Amino acid sequence: MAALLSYGFMQRALMAGVLVGLLCGVLGFFVVLKRLSFIGVGISHSAFGGVAIGVLLGVEPLLAAAVFSALVAWAIGWLSRTGRLHEDTAIGILFSSSMALGVALISLSSAYQVDLFGYLFGNILAVSPRDLWLLAGITIAVLTAVGLLFKELLFLAFDEEVARANGLPVAPLYFVLLTCLALAVVAAIRVVGIVLVEALLVIPAAIGYQLARGYRMMLCLSAGAAMVSAVTGLFVSYFLNVAAGATIVLVLAVLFVLALVVARSRRAAASQAVVLGHGARAVP
Amino acid sequence: MTADATPIVEVHHLAVDIDGHPVLWDIDFSIAAGAFLGIIGPNGAGKTTLLRVLLGLVPPARGAVTVLGRSPSQLGRGAHQIGYVPQRPDFDPRFPVSVQDVVMMGRACCLGLFRFPRRDDWRKVQESIRQVGLAGAESRRIGELSGGEQQRAFLARALCSETRLLLLDEATTGLDLPAQHELYALLQRLRRDLNLTIIAVSHDLLELGAHADELICINGTTHIHGRPQAVLHSHQLREAYRCEFDFLSDEARESAGRH
């Protein structure tokens, strides 16, 4: 194990896993509570179009994906919030079009030497120092924005109508959230890939939602589950010699099933306590 | 209670179009500080739209609206002087927030962006919770409360800013009779203690009529506006609802019960 940790690629992979876990765990909190998971799917898949544009233009694919995903996120937000289209329709159109654009551009560019499989399914062991800096920058920027606007974003997730009536800038806040989502998706592409990034945004927060009573606990459980699964998945994948991104997601799925079982047994115990309480009162 | 003569809300010749269709037209009324105005009317009459105009959420097509001396769209940070309790909100009952978390949301607009709650804000939250009679329930999850308790928590959220004007949109819908009665009694007490001006929309004509100083009946436009007894027994009320009905006195109700 110590020898494994002495490898530079493994150290970078671990740091990337922890950073992405923290980032997606925190943002996933809002994805689950504001019910943005389908928007997350749309944004993550549209990132493929951004990667293709980057490859074609010769600019950093992840940077191109960040810009392109943010634009797609804003377009989804604009189309759905102005009532021009239902949100799921807007997502369906933009997500499939962006994927199609990506495939078309890649086939045009004949750039098959690019590690497309790595973008689609992740390649955490190939994280470069430059990727790590990009990831750290995105994590700091997104967590700062979310931290400073936390009370407003929580209000927006709970009751958007009253938040607007109270004078909060609801539309700008929503677009800030979408932009953070686009950046988190791009940050997570190296770790789990475009196809699986949604898992990191939804499953950790769903675990927190099952187990926590308060939002602070949900936030901690969500970030914790995402970081633990990233690190555990990385080691398991190394020793079993299977794809790291998929292993991280499978670890998350196992944690979610455990959370479901714990939540269910807690509810059963609580309802039994209520029944017993009534019974005790009924006895003279 | 005596109402201050200064109008808190003034509406002149208000007209509202939604998607090109007229929803409200020729609406005129004003409400003095400390008064309680009830808005009644059939389904689809535009009652909620009228409240949304006062909140600055729907722009008027024509006419002039002044709330707390300003146009609703220009209230900005002045919005924290308006408390809003919507129709039973469609929130996730498992949303992981406690009563005090929900009430603190009402402080968000007072605090402003990028600012964190301080001790004074938490004190104000506790005070609002106490005022609505939920002391001791601060840490309970909002979804675990009964319907009546939830409405009180949302009322506390509406009071938690520096509220002068309280707008309620069918706040008693879904509540049983005792809970409705308690909510109205609470509103009267808050109005007196905090010198609140209240505008409430409701389908419960009798209960609202018993507590409001004035009723305004709308169905697109104003059908009648005046003292509750006069409005409830007017033919304009029947016109607005497009049906004949009458309110039984307590004696008549008792008599009907005996037969």
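Being a predicted model, the structure only gives us computed values, none of them experimental. Numbers restart at 1 for each chain; the letters A, B, ... are given by sequence-line order, proteins then strands.
Per-residue heavy-atom pair counts under 4.5 Å with chain B were compared for A:Arg35, A:Met218, A:Glu161, and the maximum is reached by A:Glu161. Contact tally against chain B (heavy-atom pairs below 4.5 Å) for A:Leu33, A:Val32, A:Leu149: the top residue is A:Leu33.
Neither the backbone nor the side chain of B:Arg107 comes within contact range of chain A; no heavy atoms are under 4.5 Å apart. For A:Ala157, the parts lying near chain B are the backbone and the side chain together; criterion is any non-hydrogen pair under 4.5 Å. For B:Val102, the part sitting under 4.5 Å from any heavy atom of chain A is the side chain, from C-beta outward, and nothing else. Proximity to chain A (any heavy atom under 4.5 Å) is shown, for B:Leu167, by neither the backbone nor the side chain. Only the side chain of A:Leu168 comes within contact range of chain B, with at least one heavy atom under 4.5 Å from a heavy atom of that chain.
Ring centroid separation for the pair A:Phe29 and A:Phe150 comes in under the 6.0 Å cut-off.
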Please step through side-chain contact (heavy atoms from CB on, under 4.5 Å) for the pair A:Val20 and A:Leu135, ending with a clear verdict.
CA-CA 8 Å; A:Val20 166; A:Leu135 219 162; 3.5 Å; yes

Candidate pair A:Tyr215 and A:Tyr209, rule ring-ring contact (aromatic ring centres under 6.0 Å, His included), full reasoning:
CA-CA 9 Å; A:Tyr215 70 85; A:Tyr209 185 79; over 10 Å; no

Please lay out, stage by stage, how B:Gln126 and B:Arg123 fare under the test side chain to side chain donor-acceptor pair (under 3.5 Å).
CA-CA 5 Å; B:Gln126 297 300 325; B:Arg123 200 173 295 138; over 6 Å; no

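In summary, A:Glu160 and A:Arg164 engage in a salt bridge, as defined by a charged side-chain N under 4.0 Å from a carboxylate O.
At distances below 3.5 Å, not a single donor-acceptor pair connects side-chain atoms of A:Ser229 with backbone N or O atoms of A:Leu252.
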